[in-house]
Chemist: 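First, the structure itself, so that you have it in front of you.
Along the sequence shown, residues carry numbers from 1.
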Amino acid sequence: MKVLGIETSCDETGVALYDTERGLLADALYSQIDIHAEYGGVVPELASRDHVRKTLPLIDQVLAEGGIARGDIDGVAYTAGPGLVGALMVGATLGRAIAAGLGVPSLGVHHMEGHLLAPMLAEHEADAVPEYPFVALLVSGGHTQLVRVDALGQYSLLGESLDDAAGEAFDKTAKMLALPYPGGPHVAKLAEQGDPARFDFPRPMVKQGGLDFSFSGLKTHTLTTVQTCEAGGTLSDKDKADIARAFETAVVDTLVIKCRRALKQENLSRLVMAGGVSANVRLRAALETKLGKEGAEVFYPAPKLCTDNGAMIAYAGALRLVAGEADSADVEVRPRWPMTELRAPKAA
């Protein structure tokens, strides 16, 4: 089955073609970073307008690159939520219109299920893929969650952020340090130059047990440290690097502690990490080293599939379309959509 995937949940337009027999045929991604950078964050109306301009050209591009005629498409998957309502409507409208015109089924995909399943896109390659059951760490600009995954659609929420997501905390820290938007990659790059011994930031919510997260206090501690350094004069490049290192280390340590705790609680030895923050090199290394010592395996997507992309939507959609799922006539996009409301396909 050849599935066209469309991702328009926020500020990146992703389109891909996935073949259940041959794997990923083609994918293309357009980022709106330049549009939103001057505002220091995503402007929903601008995001929606740009999706309108870019989605159809990207569809033509992946069809050409995949060597597939439009009439060869067997199904269309699009992101139905969570995300920005206007942006979601662009992908949903186009996806359902294309499917209706071709007489093939369409399906709205949960954005975070797409991220969760992204590491499995390597199934047609030499790379190993995780087997069920496993614990998933979904960590991005909008979400930080630990989920037990027993099968497609069988998810149990173990813990989540009670305030800022980890990626959001990275972006806000970058703003404090006058770094460009989006801030996560810039904080990580600057942290490489920082002195790990100068500052010791708190690891939030690790002593009281449980699997929930909270990064607002760490964000406040970072701001206080910035203000203390500024009180002695201008915030120097060294100050910025040392703060970035302390912040990143605190986030990484917190995530690792919670992942270890989740695996032990669930008596599992496989961890899947996905979402934009999963591209963080220090986080990957820490998880592999510390969990590896305990006999656990860590899986994550290729770097280009960590951020929002059409490939993960095409893949997740293909799994459910093959199982017989399809949109009903009254389906709507869902800006807020808990993963726990998802169910396994009836044919699964």
Side-chain angles (χ1 to χ4, degrees), residues 112 114-141 143-150 155 158-161 165-167 169-170 184-194 196-197 200-201 203-206 211-213 215 218 244-309 311-312 315:
M112 297 310 294
H115 275 302
L116 185 153
L117 298 173
M120 297 183 180
L121 276 163
E123 65 180 335
H124 291 276
E125 302 173 6
D127 297 335
V129 296
E131 296 181 359
Y132 301 114
F134 55 80
V135 170
L137 171 65
L138 303 177
V139 56
S140 66
H143 300 82
T144 303
Q145 298 178 326
L146 281 165
V147 181
R148 179 186 171 107
V149 181
D150 287 292
Y155 310 129
L158 304 176
E160 62 184 339
S161 179
F170 264 100
H186 294 286
V187 171
K189 184 176 181 179
L190 185 60
E192 295 175 2
Q193 308 167 31
D200 184 18
F201 282 14
R203 278 62 171 164
M205 294 188 69
V206 298
L211 296 173
D212 286 331
F213 303 88
F215 293 104
L218 177 59
R245 181 61 178 268
F247 169 81
E248 183 186 52
T249 300
V251 172
V252 168
D253 286 352
T254 300
L255 294 175
V256 171
I257 290 170
K258 296 287 186 173
C259 288
R260 291 176 65 190
R261 190 176 292 170
L263 290 171
K264 184 176 181 179
Q265 172 183 300
E266 300 301 310
N267 194 28
L268 295 175
S269 59
R270 287 182 289 272
L271 177 80
V272 166
M273 178 173 63
V277 182
S278 68
N280 184 280
V281 175
R282 188 164 282 112
L283 176 58
R284 291 188 177 203
L287 285 170
E288 288 181 351
T289 299
K290 296 182 181 180
L291 297 185
K293 291 179 180 178
E294 300 174 1
E297 297 178 278
V298 181
F299 301 86
Y300 37 74
K304 72 174 184 176
L305 298 180
C306 290
T307 57
D308 295 350
N309 62 86
M312 68 183 192
Y315 179 73

Chemist: Would a 4.5 Å heavy-atom cut-off, applied to side chains only, mark T289 and K293 as touching?
Modeler: yes
Chemist: Main chain of T144, side chain of S161: is a donor-acceptor contact present, judged purely on distance under 3.5 Å?
Modeler: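 Pair absent, no side-chain N/O of S161 close to backbone of T144.
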Chemist: Is there a donor-acceptor pair under 3.5 Å between the side chain of T249 and the backbone N or O of A246?
Modeler: no
Chemist: Looking only at non-hydrogen atoms, find the nearest pair between F215 and A169 and report the distance.
Modeler: CB-CB, 4.0 Å
Chemist: Tell me, please, which residues at least two apart from F213 pass ring-ring contact (aromatic ring centres under 6.0 Å, His included).
Modeler: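 Counting only residues at least two positions away or on another chain, F213 forms no ring-ring contact (aromatic ring centres under 6.0 Å, His included).
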Chemist: Taking R282 for its side chain and R245 for its backbone only, find out whether a donor-acceptor pair lies under 3.5 Å.
Modeler: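 A pair under 3.5 Å: no.
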Chemist: Closest approach of R284 and S278, non-hydrogen atoms and distance?
Modeler: NE-O, 2.6 Å
Chemist: Taking atom CD of E297 and atom CG of L291, what is their separation to the nearest 0.5 Å?
Modeler: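 So the gap between those two atoms works out to 11.0 Å.
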Chemist: Tell me if a side-chain donor or acceptor on K258 pairs with a main-chain N or O of M205 at a distance below 3.5 Å.
Modeler: yes
Chemist: Any side-chain heavy atom of C259 sitting closer than 4.5 Å to one from L287?
Modeler: yes
Chemist: Sort and list the pairs that fulfil ring-ring contact (aromatic ring centres under 6.0 Å, His included) and have at least one residue in residues 245-273, not counting sequence neighbours.
Modeler: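 As it turns out, the ring-ring contact (aromatic ring centres under 6.0 Å, His included) pairs with a partner in residues 245-273, which skip direct neighbours, are F170-F247.
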Chemist: Taking all heavy atoms of A250 and all of F201, pick out the closest pair and write down the distance.
Modeler: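 Answer, listing the atom of A250 first, then F201: CB-CB, 3.9 Å.
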Chemist: With a 4.5 Å limit on heavy-atom distance, are the side chains of L263 and R260 in contact?
Modeler: no
Chemist: Taking only residues two or more places apart in sequence or in another chain, which ones pass salt bridge (charged side-chain N to carboxylate O under 4.0 Å, His left out) with K264?
Modeler: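 With neighbours one apart ignored, the set is empty.
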Chemist: What closest approach, in Å, do M312 and D308 show between heavy atoms, and which atom pair accounts for it?
Modeler: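 Closest heavy-atom pair between M312 and D308: CE-CA, 4.2 Å.
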Chemist: Of all the heavy-atom pairs spanning V139 and M273, show the shortest one and how long it is.
Modeler: CG1-CG, 4.2 Å
Chemist: Taking only residues two or more places apart in sequence, or in another chain, which ones meet A274 in a side chain to side chain contact (heavy atoms under 4.5 Å, CB included)?
Modeler: H115, L138, P301
Chemist: Checking D212 side chain against E160 main chain: does a donor-acceptor pair fall under 3.5 Å?
Modeler: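 Between the backbone of E160 and the side chain of D212 there is a qualifying donor-acceptor contact (under 3.5 Å).
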Chemist: Look up atom CG in L283 and atom CD in E288, then write down how far apart they are to the nearest 0.5 Å.
Modeler: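 Spacing of CG (L283) from CD (E288) equals 10.0 Å.
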Chemist: Tell me, do M120 and P130 make a side-chain contact under 4.5 Å, heavy atoms counted?
Modeler: yes
Chemist: Under the rule for side chain to side chain contact (heavy atoms under 4.5 Å, CB included), what residues qualify as partners of K290, not counting sequence neighbours?
Modeler: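 By the side chain to side chain contact (heavy atoms under 4.5 Å, CB included) rule, K290 matches D253, V256.
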Chemist: Please report the shortest heavy-atom distance between Y155 and V149, naming the atom on each side.
Modeler: CE2-CG1, 3.7 Å
Chemist: Applying side chain to side chain contact (heavy atoms under 4.5 Å, CB included) between L137 and each of V272, V147, L255, report the one that passes.
Modeler: L255
Chemist: Could you give the distance from OH (Y315) to CG (L305), rounded to the nearest 0.5 Å?
Modeler: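 If we round to the nearest 0.5 Å, Y315:OH and L305:CG are 12.0 Å apart.
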Chemist: Among residues two or more places apart or on two chains, list those pairs meeting side-chain hydrogen bond (donor to acceptor under 3.5 Å, both in side chains) that have a residue in residues 266-275.
Modeler: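 For residues 266-275: R148-E266.
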